[in-house]
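Given the structure is predicted, the values throughout are model-derived calculations rather than measurements. Just so you know, these numbers use all the heavy atoms, side chains as well, and skip hydrogens, waters and symmetry mates.
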Amino acid sequence: MEPYPPPRAAALAVASRSSGPRQLPAGEPLPPEDYRRLFGVVEAVDRAPDLPAFREALLRALEEWFGYPSVVVLHGPTIVAALREGHGIKSGYTRAFLDEYATRWIADDPFLSSHASQLLTERGVVTLRELEPERDPRQAAFVHEFLRPHGVRDKVGMMIDAGEEGAFYVGALVRGARWIPARDIAVMRSLSRHLAPLARQLLAHDRVLAEARRHLALTPREREVADLAARGLTNQQIAARLFVGVTTVKKHLGRVLAKTGATSRTQLAVRWSEFHTGTASRPIPARERSPAIDTGHEERSK
């Protein structure tokens, strides 16, 4: 056996100037424990295999590391679209709160203003106080007649800029006596930058999948129901996740089964997985299929 040749000399040698780890300066905005929160969230989402998993992992990480009781993660082609009609998930909101918001207050929400979209684009993170809702009588009423009676003291919004692929809006409510701490804002501003490349990658992947599924003619809500059902969630769990009624879920699921050619939730899970990998065949025409199952049958005992 021939001996290995001797190692070649380095093409460029750099003298070391290390004198131990860098000490944080006195004016450092984030103390060490906040860096742990930052990386705790990043570690929770950086292995997310797809967009739905990323949304849920981010939501749960914000609950865990920041203690926010109500969180929303939405996305759209722009930050305005994400705020006004974005797709995503929510947690910690009661049905009464959402119904009152939708029927009475949505038009007066300061975060749906053009001013909020502009500040989110410029700063990455904006709080309710920074939007100065008291300058607009309707926004002031939103705060004092809607948020305060529900115990909401402050609200924070974060934009994750995914470039040409779109944007995420992440919002959280603070209940009780405290405001959004300045440390939280600093961590979230850093998060918005760290998560941007991953957000761009996942939105691009989701766009490719959407193109592959387009011939199924599923609506955005039907795609969400299909994805959650394929992941094994019950109708009740899907309804809670999407803040809709169980009857609505059953109707969406029935249309999903018809459009995908699946005759059961198990078959839907298989076909949905095929669409993720690009190996799905054409949907089976209705005349060639056996009758679809009652979409609520599997749920009656749950």
Side-chain angles (χ1 to χ4, degrees), residues 37-66 68 70-91 109 111-127 130-131 155-172 180 184-214 218-224 226-228 231 241-242 275-278:
R37 289 202 295 169
L38 168 64
F39 287 107
V41 177
V42 172
E43 289 170 348
V45 304
D46 66 352
R47 295 184 182 275
D50 53 31
L51 185 59
F54 171 79
R55 293 185 312 211
E56 180 156 355
L58 179 57
L59 183 148
R60 298 305 179 198
L62 292 173
E63 290 178 333
E64 176 184 357
W65 288 99
F66 289 80
Y68 294 142
S70 301
V71 181
V72 57
V73 180
L74 305 173
H75 57 86
T78 65
I79 186 59
V80 174
L83 281 160
R84 294 183 175 273
E85 54 197 40
H87 303 288
I89 57 174
K90 306 178 181 74
S91 74
D109 187 344
F111 275 87
L112 294 185
S113 66
S114 58
H115 179 53
S117 300
Q118 179 182 349
L119 288 184
L120 282 166
T121 302
E122 294 173 355
R123 303 179 184 179
V125 178
V126 177
T127 67
E130 289 178 298
L131 296 179
K155 184 176 180 180
V156 63
M158 174 176 71
M159 173 183 172
I160 304 174
D161 186 0
E164 68 280 2
E165 297 297 339
F168 278 86
Y169 169 74
V170 181
I180 299 290
D184 283 16
I185 297 171
V187 176
M188 293 182 75
R189 283 210 169 99
S190 186
L191 265 178
S192 71
R193 297 190 300 270
H194 280 81
L195 297 180
L198 177 59
R200 187 180 302 112
Q201 174 186 336
L202 291 172
L203 285 175
H205 179 61
D206 190 70
R207 174 174 51 79
V208 172
L209 293 178
E211 291 289 338
R213 301 184 191 127
R214 182 159 294 175
L218 297 179
T219 67
R221 180 62 87 188
E222 288 169 357
R223 287 199 297 270
E224 290 178 328
D227 188 78
L228 294 173
R231 293 170 184 269
R241 183 73 60 86
L242 300 179
F275 278 111
H276 270 274
T277 58

Looking at every non-hydrogen atom in both residues, tell me the closest pair between [X] and [Y] and how far apart they are.
X: A199; Y: A162; answer: C-CB, 4.1 Å
X: L74; Y: A82; answer: CD1-O, 3.4 Å
X: R200; Y: E165; answer: O-CG, 3.6 Å
X: G88; Y: E224; answer: N-OE2, 3.6 Å
X: A44; Y: A61; answer: CB-CB, 3.8 Å
X: L83; Y: S117; answer: CD1-OG, 3.6 Å

Step by step, work out the salt bridge (charged side-chain N to carboxylate O under 4.0 Å, His left out) result for D227 and R231. CA-CA 6 Å; D227 188 78; R231 293 170 184 269; 2.6 Å; yes

Set of side-chain hydrogen bond (donor to acceptor under 3.5 Å, both in side chains) partners for S192, sequence neighbours left out: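 S192 satisfies side-chain hydrogen bond (donor to acceptor under 3.5 Å, both in side chains) with no residue once adjacent residues are dropped.
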
Residues forming a side-chain hydrogen bond (donor to acceptor under 3.5 Å, both in side chains) with R60, sequence neighbours excluded: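 In terms of side-chain hydrogen bond (donor to acceptor under 3.5 Å, both in side chains), with neighbours along the sequence ignored, R60 is linked to E63.
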
Give, for atom [atom1] of [X] and atom [atom2] of [Y], the distance between the pair rounded to the nearest 0.5 Å.
X: F54; Y: L195; atom1: CZ; atom2: CG; result: 5.0 Å
X: S70; Y: L59; atom1: OG; atom2: CG; result: 9.5 Å
X: H115; Y: L120; atom1: NE2; atom2: CG; result: 10.0 Å
X: R123; Y: Q118; atom1: CZ; atom2: CD; result: 9.5 Å
X: K90; Y: R55; atom1: NZ; atom2: CZ; result: 10.5 Å
X: L119; Y: I79; atom1: CG; atom2: CD1; result: 11.5 Å

Apply the salt bridge (Lys or Arg N to Asp or Glu O under 4.0 Å) test between D184 and each candidate in R189, K155, R37; give the one that qualifies.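 With D184 as partner, R189, K155, R37 yield a single salt bridge (Lys or Arg N to Asp or Glu O under 4.0 Å), made by R37.
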
Check whether any side-chain heavy atom of [X] sits under 4.5 Å from a side-chain heavy atom of [Y], and report yes or no.
X: V156; Y: Y68; answer: yes
X: L58; Y: I160; answer: yes
X: D206; Y: D50; answer: no
X: H205; Y: L51; answer: no

For the pair H194 and F39, name the ring-plane relationship: parallel under 30°, tilted 30 to 60°, perpendicular over 60°.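 H194 and F39: perpendicular rings.
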
Using the ring of each side chain (for Trp, its six-membered ring), is F111 parallel, tilted or perpendicular to Y169, with breaks at 30° and 60°?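 Tilted: the ring planes of F111 and Y169 meet at 30° to 60°.
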
Could you pull out all residues at least two apart from R241 that satisfy salt bridge (charged side-chain N to carboxylate O under 4.0 Å, His left out)?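 R241: salt bridge (charged side-chain N to carboxylate O under 4.0 Å, His left out) contacts with E56.
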
Could you please spell out the steps behind the side chain to side chain contact (heavy atoms under 4.5 Å, CB included) verdict for W65 and V187? CA-CA 11 Å; W65 288 99; V187 176; over 6 Å; no

So, the side chain of R84 versus the backbone of L112: is there a donor-acceptor pair under 3.5 Å, distance only?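 Judged by distance alone, yes, a pair lies under 3.5 Å.
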
